[in-house]
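Report on the following structure.
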2 protein chains.
Amino acid sequence: MSAPSIRHTYSIKEAAALTGLPASTLRYYESIGVITPIRRGASSKHRVYTEEDLDLLTWVSCLSATGMSVADMRRYLANGELGAAAASDQIALLKAQEEQLAAEAKAIALRKRYVGLKIAYWQAVQDGDGAGAERLSDEARTLADDLKKTRKQ
Amino acid sequence: MSAPSIRHTYSIKEAAALTGLPASTLRYYESIGVITPIRRGASSKHRVYTEEDLDLLTWVSCLSATGMSVADMRRYLANGELGAAAASDQIALLKAQEEQLAAEAKAIALRKRYVGLKIAYWQAVQDGDGAGAERLSDEARTLADDLKKTRKQ
DNA sequence: ATAGGAACTTCAAGTACTTGAAGACAAGCG
DNA sequence: CGCTTGTCTTCAAGTACTTGAAGTTCCTAT
């Protein structure tokens with residue numbers, strides 16, 4: 001039999017450092033059932049995180065980073081425990097996530113263009129280039145019009 | 001005399017798209033006094049945003065993206081520090097915002113890749129391709145490390 | 001053995017939005 | 001003209017943490 005002589009465990013602070021989630025958030029996720037209750041110390045009430053717990057929390061951290069809601073995370077992780085049986089559910093959830101990220105990327109590109117235009121505008125003002133400033137102001141308005149057309153979606 | 005014959009105005013939705021702040025947040029900021037009340041339409045009660053309003057909101061968006069609390073934003077704007085800022089200051093702030101947007105775009109591209117990988121993983125599981133699933137799982141783990149770095153900063 | 005301090009605990013309240021319900025207003029169509 | 005569609009309005013409630021208070025527990029050092 002394999003002897004787990006070095007069964008590494010972690011305090012909440014260590015778990016927080018390793019997952020990138022604040023300790024308060026770890027407790028919060030546990031309280032609302034995103035993760036199952038963490039085992040406690042024999043003599044204390046302190047949470048004791050195993051490496052398995054850490055793996056799961058890394059997953060949660062990733063889902064959180066993609067902007068998934070806690071409700072969806074809870075569902076996703078519940079399905080994860082079922083394995084391949086729920087693969088189609090996982091794919092559907094992830095595809096929705098992919099679409100959301102694409103929309104976000106689009107919005108950010110628009111903002112980048114707008115801010116870039118504003119920088120050019122103030123640089124023209126600084127250089128005393130009134131004509132350039134006005135031209136850039138017009139461009140900003142054009143951007144607004146483009147936005148209006150693209151408003152379809 | 002300069003005739004402001006074409007005084008361009010914007011609906012809340014257009015303002016939201018141009019500033020990157022949701023319409024609900026625009027209303028929220030107005031309700032708690034971060035920005036002064038927006039003029040309303042003559043016949044309707046709808047908010048009508050001028051280009052001046054848009055400029056101000058772009059600044060608010062910058063401050064918000066930089067992590068300033070609403071309380072601090074209110075104080076900052078009430079002190080008129082924004083209006084008094086020189087062109088060079090405005091450019092500096094906008095460039096910081098531009099960098100932030102670039103970083104966000106990068107992070108989103110990374111997350112998109114991560115989610116795409118996860119979709120491929122579950123599709124491999126669904127197809128009974130154990131070897132492929134394992135390979136994709138490893139790839140995802142490597143990407144997760146990158147993701148974590150982006151999140152921290 | 002015990003005193004001090006860091007780190008942990010729960011729970012309540014705060015923060016910064018976000019969402020949903022219910023209704024008003026304006027344009028386009030039969 | 002009325003009807004549908006769409007965007008707007010307010011306000012209340014919800015979300016996802018975050019912070020703070022008050023009370024344990026762990027560790028280290030005297």
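Per chain, numbering begins at 1; letters A, B, ... match sequence-line order.
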Beyond-backbone contact of B:Glu30 with B:Pro37, side-chain heavy atoms, under 4.5 angstrom: yes
Check the distance between [N]'s [atom2] and [X]'s [atom1] and give it to me in whole angstrom.
X	N	atom1	atom2	result
B:Tyr28	D:dC11	OH	P	16 Å
A:Leu63	D:dC17	CG	P	12 Å
B:Tyr49	D:dT9	OH	C1'	12 Å
A:Ile12	D:dC26	CD1	P	15 Å
B:Leu26	C:dA16	CG	C1'	15 Å
A:Glu30	D:dA16	CD	C1'	17 Å
B:Glu14	D:dT7	CD	P	12 Å
B:Arg27	D:dC8	CZ	P	8 Å

Which atom of [X] lies closest to which atom of [Y], heavy atoms considered:
X	Y	answer
B:Ser64	B:Met73	N-SD, 4.0 Å
A:Leu26	A:Ala16	CD2-N, 3.7 Å
A:Val48	A:Gly41	CG2-N, 3.7 Å

Can a side chain N or O of [X] be found less than 4.0 Å away from OP1 or OP2 on [N]?
X	N	value
A:Arg40	C:dT10	yes
B:Tyr29	C:dC17	yes
A:Thr25	D:dT18	yes
A:Ser11	C:dC8	yes

Touch class at under 4.0 angstrom, heavy-atom based, for B:Ile32 against every strand present: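 Answer is nothing: B:Ile32 stays at 4.0 Å or more from every strand.
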Contacts of A:Leu56 that satisfy side chain to side chain contact (heavy atoms under 4.5 Å, CB included) - sequence neighbours left out: A:Ile35, A:Leu77
Along DNA chain C (nearest heavy atom to each residue), the more 5'-positioned of A:Lys13 and B:Ser24: A:Lys13
Distance-only polar pair, side chains of A:Asp53 and A:Thr50, donor-acceptor under 3.5 Å: yes
Salt bridge (Lys or Arg N to Asp or Glu O under 4.0 Å) partners of A:Arg74, counting only residues at least two apart: none
Between the protein and nucleotides 21-26 of chain C, are there any N/O to N/O pairs under 3.5 Å, and if so, what are the atom names and distances?
unit_1 : atom_1 : unit_2  : atom_2 : d
C:dA26 : OP1    : B:Ser43 : OG     : 2.8

First of A:Met73 and B:Arg47 reached from the 5' end of DNA chain D, by closest nucleotide: B:Arg47
